[in-house]
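Each remark here refers to the structure printed beneath this line.
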Amino acid sequence: MPEQCDPRPYDALLLLSFGGPEGPDDVVPFLENVTRGRGIPRERLKEVGQHYFLFGGVSPINAQNRELLDALRTDFAENGLDLPVYWGNRNWAPYLTDTLRTMVHDGHRRIAVLATSAYASYSGCRQYRENLADALAALRAEGLELPQVDKLRHYFNHPGFLRPMTDGVLASLAELPEEVRDGAHLAFTTHSIPTAAADTSGTPADHTRDGEGGAYVAQHLDAARVIADAVRAETGVDRPWRLVYQSRSGAPHIPWLEPDICDHLEEAHAAGVPAVVMAPIGFVSDHMEVRYDLDTEATAKAAELGLPVARSATVGADPRFAAAVRDLLLERAAAERGGTPERCALGALGAGHDLCPVGCCPARTPRPAAAGADWRGPVAEAPA
């Protein structure tokens with residue numbers, strides 16, 4: 001087998017995502033899965049679910065994951081990579097435990113995992129690792145032989161992730177009226193998280209204090225800077241840009257990362273900014289939080305202000321992103337075989353770690369998390 005197409009020791013790839021409802025009857029049960037253990041009343045979940053009901057109770061995320069699944073399988077086949085690709089979700093069918101069970105029954109014992117979250121954070125990395133640990137514990141309780149699962153590294157700065165989004169920003173600029181195009185600012189958006197979670201994101205060396213944001217903020221700023229620099233090189237216009245946030249939830253007294261995108265649009269309008277491109281760099285696909293928080297809520301705010309806006313596309317199932325996943329898989333496979341593969345990364349931060357160290361994006365309550373340096377098996381206790 002040619003070295004560049006050799007996936008050994010891996011015998012399968014698992015696409016691991018968040019999941020979403022696919023009909024009105026799914027909305028509240030889905031939200032119950034998302035918020036399990038938080039004691040949120042069902043009536044409150046019905047209120048929260050109104051965003052989904054505006055779209056017929058269907059989140060776009062599952063359809064988009066199916067498209068990505070097809071893109072990955074096509075890319076693998078076209079490049080001579082003979083490796084099956086499976087898909088499992090954290091919060092809705094196909095559930096992670098069910099998919100892992102199928103993979104075990106199909107004979108897979110060494111599984112690479114790609115999570116549809118590109119950045120370091122508890123909810124974007126360690127929680128997926130906790131989900132993997134829970135699923136493995138369930139399979140062990142059923143008496144099944146457990147596979148080894150390895151989560152692929154963060155890919156926020158991989159060219160196959162950043163270049164499609166750069167093209168999306170350029171396309172959005174072209175959509176703006178010509179008279180405001182050159183003066184347009186760029187608002188790079190991502191999911192807001194509590195400042196306490198942001199400060200402890202990444203490895204212990206990345207952790208910060210007092211709302212500085214740890215690896216979560218640093219990685220987003222690095223990605224935004226690469227895209228802004230590429231847009232300037234392409235257009236010849238040096239555009240002001242800022243990292244802003246969306247989709248805040250939780251108690252109002254708990255500090256979250258700011259500014260919110262709608263607040264930012266108000267500030268931009270008050271400052272005389274002629275137009276804004278909203279670039280959702282924190283998201284892999286145009287799922288509900290993009291469709292509602294940006295396409296619905298933020299776009300309505302801009303219309304109220306009389307501020308021209310355009311929203312750029314996420315990477316979705318772009319063939320360059322599928323190729324990036326193949327690259328990440330083969331890079332990790334070569335490293336597992338003892339090689340020193342080239343690790344593609346743009347920006348200043350370089351390629352991330354393969355194995356999450358102890359203390360990386362720590363949990364609020366310590367729980368076992370697979371695919372990290374602190375993983376000692378499905379019944380192991382996580383370190384304090």
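All figures in this text were calculated on a predicted structure; none of them were measured in a lab.
H154 places no side-chain N or O within donor-acceptor distance of the main-chain N or O of F156, the cut-off being under 3.5 Å. One N or O on the side chain of D222 and one on the backbone of A348 form a donor-acceptor pair closer than 3.5 Å. Looking only at distances, no side-chain donor or acceptor of T74 sits under 3.5 Å from a matching main-chain atom of A71. Using a distance-only test at 3.5 Å, with no hydrogens or angles considered, no donor-acceptor pair links the side chain of E32 to the main chain of R42. Checking side-chain atoms of D6 against main-chain N and O of L330 turns up no donor-acceptor pair under 3.5 Å. At distances below 3.5 Å, not a single donor-acceptor pair connects side-chain atoms of Q246 with backbone N or O atoms of D260. Using a distance-only test at 3.5 Å, with no hydrogens or angles considered, a donor-acceptor pair links the side chain of S192 to the main chain of L257. Listed for the E130 side chain is no donor-acceptor partner under 3.5 Å among the backbone atoms of R126. Side chain of T195 to backbone of W256: no donor-acceptor contact under 3.5 angstrom is found. Of the possible donor and acceptor atoms, one in the side chain of H269 sits under 3.5 Å from a partner among the backbone N and O of L305.
In this structure, the separation between CD1 on I40 and CD on E47 is 11.0 Å, given to the nearest 0.5 Å. Atom CG of D295 and atom CD of E289 lie 12.5 Å apart (nearest 0.5 Å). To the nearest 0.5 angstrom, W375 atom CH2 is 15.5 Å from K151 atom NZ. Note that CG of D106 is 6.5 Å distant from OG1 of T102, once rounded to the nearest 0.5 Å.
For the pair T190 and V244, the minimum side-chain heavy-atom distance is 4.5 Å or more. In this structure the side chain of V85 reaches within 4.5 angstrom of the side chain of L69, judged on heavy atoms. Using a 4.5 Å heavy-atom cutoff, the side chains of P94 and N89 are in contact. Within the 4.5 Å cutoff, side-chain heavy atoms of W92 are placed close to those of N33. Two residues are said to be in side-chain contact when any heavy atoms from C-beta on lie closer than 4.5 Å; M278 and T299 meet this criterion. Considering only heavy atoms from C-beta on, E67 stays 4.5 Å or farther from S285 through its side chain. Side-chain contact check for Y52 versus L31: some heavy-atom pair is nearer than 4.5 Å. For the pair L100/L139, a side-chain contact is recorded, criterion being any heavy-atom separation below 4.5 Å from C-beta on.
Ion pairing of E304 with K301 is present here, as a side-chain N (NZ or NE/NH1/NH2) and a carboxylate O approach within less than 4.0 Å. Using a 4.0 Å cut-off between charged side-chain N and carboxylate O, R153 and E331 make a salt bridge. A salt bridge links R343 with D354: the closest approach of a Lys/Arg side-chain nitrogen to an acidic carboxylate oxygen falls below 4.0 angstrom.
Put simply, F283 and V309 are part of the same group of oily side chains (I, L, V, M, F, W, Y) that touch within less than 4.5 Å, one to the next. Under the 4.5 Å side-chain heavy-atom criterion for Ile, Leu, Val, Met, Phe, Trp and Tyr, L136 and L355 are members of distinct hydrophobic clusters. If you chain together hydrophobic residues whose side chains sit under 4.5 Å apart, Y245 and V290 never meet in one group. The cluster map of Ile, Leu, Val, Met, Phe, Trp and Tyr, joined by side-chain heavy atoms under 4.5 Å apart, puts F18 and L45 in the same cluster.
Under the 3.5 Å distance criterion, with hydrogens and angles disregarded, no donor-acceptor pair is assigned to the side chains of Q64 and H287. Under the 3.5 Å distance criterion, with hydrogens and angles disregarded, a donor-acceptor pair is assigned to the side chains of Y86 and H108. Side-chain contact check for H207 and D199: no donor-acceptor pair (N or O, by modelled atom type) lies under 3.5 Å. Side-chain atoms of D150 and Y10 form a donor-acceptor pair, as typed in the model, at a separation below 3.5 Å.
Judged by a 6.0 Å distance limit and a 45° cone about the ring axis, R242 is not positioned over the six-membered ring of F188.
Here the shortest heavy-atom pairing between P147 and V104 reads CD-CG2, 3.6 Å. Of all the heavy atoms in A370 and V149, the pair that sits closest is CB-CG2, 4.2 Å. The shortest non-hydrogen separation linking P204 to C360 is CD-N, 4.2 Å. Between Y119 and C125, the shortest heavy-atom contact is O-CB, 4.5 Å. The shortest heavy-atom contact between P60 and M288 is CD-N, 3.8 Å. Taking all atoms of both residues into account, the shortest heavy-atom contact from S201 to A215 is OG-N, 3.1 Å.
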Would you mind writing out the side-chain donor-acceptor pairs for residues 111-118 within the sub-3.5 Å range, not counting sequence neighbours?
unit_1	atom_1	unit_2	atom_2	d
T116	OG1	S17	OG	2.8
S117	OG	G124	O	3.2

Show the atom names and distances, to 0.1 Å, of all donor-acceptor pairs under 3.5 Å that link a side chain in residues 162-177 to residues at least two apart or in another chain.
unit_1	atom_1	unit_2	atom_2	d
T166	OG1	L162	O	3.0
D167	OD2	R320	NH1	2.7
D167	OD2	R320	NH2	3.2
S172	OG	G168	O	3.1
S172	OG	R311	O	3.4
S172	OG	S312	N	3.3

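Taking the six-membered ring where the residue is Trp, Y292 and H51 present parallel rings, their angle staying beneath 30° rather than reaching 60°.
In E142, the CD atom is crowded: over 12 heavy atoms of neighbouring residues, nucleotides or ligands sit closer than 6.0 Å.
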